[in-house]
Amino acid sequence: MGESGAGSKNTLSVRDNRTGEEYELEIHEGNVIRAMDLRQIKQDPDEFGMMSYDPAFTNTASTRSTITEIDGGKGILRYRGYPIEQLAAKSSFLEVAYLILKGELPTRDELDHFVHEVTFHTYIHKNINKLLGGFRYDAHSMGMVISSVAALSTFYPEAKEIHDPDQRWNQIIRLIAKMPTLAAFSYRHHRGLPFIYPENELSYTANFLNMLFRIGVKEYRPSPVLERALDILFILHADHEQNCSTTAMRVIGSSQSDPFSALSGAMAALYGPLHGGANEAVLRMLAEIGDVKNIPDFMESVKRGERRLMGFGHRVYKAYDPRASIIKEAAHDVFEVTGKNPLLDIALELETIALNEDYFVSRNLYPNVDFYSGLIYQALGFPVQMFPVLFAIPRTVGWLAQWQEMLEDREQRIARPRQLYEGEGERDFVSIDRRS
Ligand code: CMC
């Protein structure tokens with residue numbers, strides 16, 4: 001962070017009214033002050049010094065990044081400067097993955113090489129099959145994939161060499177390549193079906209769909225419309241700057257653990273219903289509402305604060321999530337092939353009401369990425385418990401790019417926030433027979 005605006009005084013004057021002391025804090029590019037500059041503010045020289053208190057990091061930047069830019073007020077999302085709308089319309093998921101990881105769009109040769117690398121690392125060690133076989137038939141797919149990603153670290157001990165760029169790249173390729181295989185195997189286990197192994201002549205998404213859905217035929221070729229729709233969904237989910245799971249990836253990675261372990265932790269953070277589990281929660285909510293006529297009662301309970309309208313609201317977007325607009329469009333193409341998802345009418349009606357009701361308008365609650373994605377996933381034939389996994393596959397790219405950026409950032413150290421201790425002061429131990 002350098003100083004900005006030559007000639008002007010980029011400082012913030014702070015007066016501590018307890019002591020009458022004045023401090024001048026530097027204002028850095030991006031309109032930020034360094035939290036460590038507050039430390040000099042103290043009443044007594046022996047004091048620790050002032051800190052900022054920011055539960056849930058709502059106003060704290062923890063890193064500089066060049067990967068993803070969001071303007072939440074304007075509904076803008078760009079990867080490496082490229083608008084998400086252009087990438088969704090003109091690019092492919094693996095091309096976007098390369099862009100996110102390397103910073104620039106690939107040349108034809110670079111893309112071919114990258115696709116080849118990913119394609120030839122899709123197989124997983126057969127002992128992972130045994131691991132998956134140990135889960136109950138009704139185990140949640142996300143739990144299975146989180147566990148198997150963590151287990152992969154034991155198959156690749158060289159992944160610990162995180163300061164070696166070649167080793168890092170090997171693990172990045174492995175993770176992007178193997179995630180669809182792990183996801184498909186978890187689905188097949190759930191259905192009690194034999195695993196279908198990757199086929200190298202298929203695209204990333206066609207291979208995934210083949211491993212999931214091929215039953216009783218030698219060849220399974222998904223509809224190109226559905227293959228493309230899944231590819232677009234993957235592009236839209238590839239990165240989203242410092243969200244809960246990405247922060248988890250960076251925090252775990254900051255202790256220098258291997259990327260498989262860190263990524264399983266990031267996936268665990270994604271699993272919750274307020275983050276990547278929201279698409280599953282949306283579908284369950286729509287199914288529970290069941291009929292358009294039940295919407296008014298449902299909305300009243302949301303406004304009374306008894307429940308949330310899942311798929312609405314966002315910490316950063318205070319406008320329509322640009323990903324939601326693209327997904328809504330893509331849904332029409334998908335439904336032309338699969339037939340309309342009957343829950344669509346309920347979703348559209350919920351959106352219309354929410355965009356016109358003061359409760360939602362005054363809180364800037366608009367549809368987010370998860371509101372319509374589940375309807376497409378369901379139309380493609382995925383059970384709801386696969387939805388968060390479908391988020392995790394493309395987000396693997398973002399997690400790894402952010403992890404790599406963190407490792408190369410000289411300012412980053414092991415993540416370790418402060419706390420405000422509010423518990424008891426020192427007191428003497430009381431033996432158990434003397435406690436009341
Ligand atoms: N339904 C009803 N009320 C809501 C909702 C909602 N979905 N979201 C926020 N609010 C209300 C909330 O009750 C609060 O009202 P009040 O000021 O009266 O207390 C106000 O809006 C601000 O909410 P918040 O919880 O302080 O906002 P946040 O920034 O901490 O939470 C959020 C963001 C995404 C967790 C939240 O909007 C939410 O729970 N949404 C539903 C879950 C969801 O769709 N999550 C997916 C997020 S996008 C994909 C991803 O990044 O994973």
Side-chain angles (χ1 to χ4, degrees), residues 54-60 67-70 72-73 75-77 79 84 142 233-250 266-286 288-289 295-328 346-347 349-377 384 387-399 402:
D54 188 12
F57 314 119
T58 46
N59 199 36
T60 296
I67 301 172
T68 291
E69 185 185 6
I70 301 176
I76 289 173
L77 168 61
Y79 298 153
I84 192 67
M142 197 68 168
L233 282 163
F234 281 2
I235 292 171
L236 301 181
H237 286 88
D239 191 50
H240 212 231
E241 51 118 307
Q242 310 312 313
N243 52 77
C244 174
S245 58
T246 301
T247 301
M249 181 83 193
R250 281 177 172 264
M267 270 191 88
L270 185 75
Y271 193 4
L274 297 189
H275 192 9
N279 48 20
E280 180 175 355
V282 170
L283 252 281
R284 292 192 196 281
M285 173 189 79
L286 295 176
E288 190 192 321
I289 295 173
I295 291 179
D297 281 351
F298 174 82
M299 289 302 237
E300 284 311 309
S301 70
V302 171
K303 287 191 273 179
R304 286 195 299 270
E306 290 163 13
R307 55 191 309 166
R308 290 203 160 193
L309 178 55
M310 301 310 287
F312 263 69
H314 200 278
R315 174 65 59 78
V316 181
Y317 292 118
K318 299 304 167 200
Y320 211 103
D321 181 337
R323 301 168 299 174
S325 319
I326 298 168
I327 292 178
K328 203 173 161 187
I346 299 176
E349 182 64 12
L350 282 174
E351 181 187 335
T352 307
I353 294 175
L355 294 182
N356 289 292
E357 290 228 354
D358 184 58
Y359 176 93
F360 300 93
V361 175
S362 63
R363 290 172 177 79
N364 294 315
L365 299 174
Y366 295 92
N368 60 48
V369 69
D370 291 314
F371 193 62
Y372 287 107
S373 61
L375 291 172
I376 301 190
Y377 293 147
V384 282
F387 293 3
V389 176
L390 293 164
F391 194 149
I393 294 171
R395 186 55 59 84
T396 294
V397 169
W399 288 329
Q402 300 270 352

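Whatever order the structure lists ligands and atoms in, that order sets their numbers, starting from 1.
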Just need the protein heavy atom nearest to atom 24 (P) of ligand 1, so name the residue and atom and give the distance. R308 NH2, 4.1 Å
For atom 42 (C) of ligand 1, closest protein heavy-atom neighbour: M310 CE, 3.5 Å
For R315, take its heavy atoms, then give the atoms of ligand 1 lying under 4.0 Å from any of them. 28 (P), 29 (O), 30 (O), 33 (C)
Quick one: which ligand 1 atoms are inside 4.0 Å of a heavy atom on V302? 2 (C)
For A278, atoms of ligand 1 separated by under 4.0 Å from a heavy atom: 43 (C), 44 (O), 45 (N), 46 (C)
Do me a favour and list the nearest non-hydrogen protein atom to atom 48 (S) of ligand 1 with residue, atom name and distance? H314 CD2, 3.4 Å
Backbone N/O of D54 and side chain of T58: donor-acceptor pair under 3.5 Å: no
Does Y359 have a non-hydrogen atom less than 4.0 Å from ligand 1? yes
Under 4.0 Å between heavy atoms, the region of D321 that gets near ligand 1 turns out to be neither
Evaluate H240 against F391 for ring-ring contact (aromatic ring centres under 6.0 Å, His included), listing each step before the verdict. CA-CA 12 Å; H240 212 231; F391 194 149; 8.7 Å; no
Quick check: do L77 and L236 have side-chain heavy atoms less than 4.5 Å from each other? no
As a test of the contact definition, would atom 46 (C) of ligand 1 count as having a protein heavy-atom neighbour under 4.0 Å? yes
Verify whether one side chain among E280 and Y377 offers a donor that lies under 3.5 Å from an acceptor in the other. no
Looking at atom 41 (C) of ligand 1, what's its closest protein heavy atom, distance included? F312 O, 3.4 Å
Around atom 34 (C) of ligand 1, find the nearest protein heavy atom and jot down its residue, atom name and distance. G313 O, 3.7 Å
Contact bool for atom 26 (O) of ligand 1 (protein heavy atom, d < 4.0 Å): no
When you measure from the heavy atoms of N243 to every atom of ligand 1, does any distance fall below 4.0 Å? no
Nearest 0.5 Å please: distance from the CZ atom of R315 over to the CZ atom of F57. 10.5 Å
Just going by heavy-atom distances, which of H237, M285, R363 is nearest to atom 18 (O) of ligand 1? R363
Worked check of side-chain contact (heavy atoms from CB on, under 4.5 Å) between L286 and M310: CA-CA 9 Å; L286 295 176; M310 301 310 287; over 6 Å; no
Apply side-chain contact (heavy atoms from CB on, under 4.5 Å) to residues Y372 and V282 and explain how you reach the verdict. CA-CA 8 Å; Y372 287 107; V282 170; over 6 Å; no
With side-chain contact (heavy atoms from CB on, under 4.5 Å) as the criterion, how do M249 and R395 come out once you've worked through the C-alpha distance, each side chain's angles and the decisive distance to 0.1 Å? CA-CA 11 Å; M249 181 83 193; R395 186 55 59 84; over 6 Å; no
Region of N368 that comes within reach of ligand 1 [heavy atoms, distance under 4.0 Å]: side chain
Taking heavy atoms and a distance under 4.0 Å, where does V369 meet ligand 1: side chain, backbone, both or neither? side chain
Which ligand 1 atoms are under 4.0 Å away from a heavy-atom of L274? 39 (O), 45 (N), 46 (C), 47 (C)
Give the atom numbers and elements of ligand 1 that come within less than 4.0 Å of a heavy atom of G276. 52 (O)
Give the residue, atom name and distance (to 0.1 Å) of the protein heavy atom nearest atom 49 (C) of ligand 1. D370 OD2, 3.1 Å
Judged on heavy-atom distance to atom 50 (C) of ligand 1, which of H275, H240, K303 sits nearest? H275
Identify, for atom 7 (N) of ligand 1, the protein heavy atom at the shortest distance, and state residue, atom and that distance. L309 O, 2.7 Å
At what distance is the nearest protein heavy atom to atom 9 (C) of ligand 1, and which residue and atom is it? L365 CD2, 3.5 Å
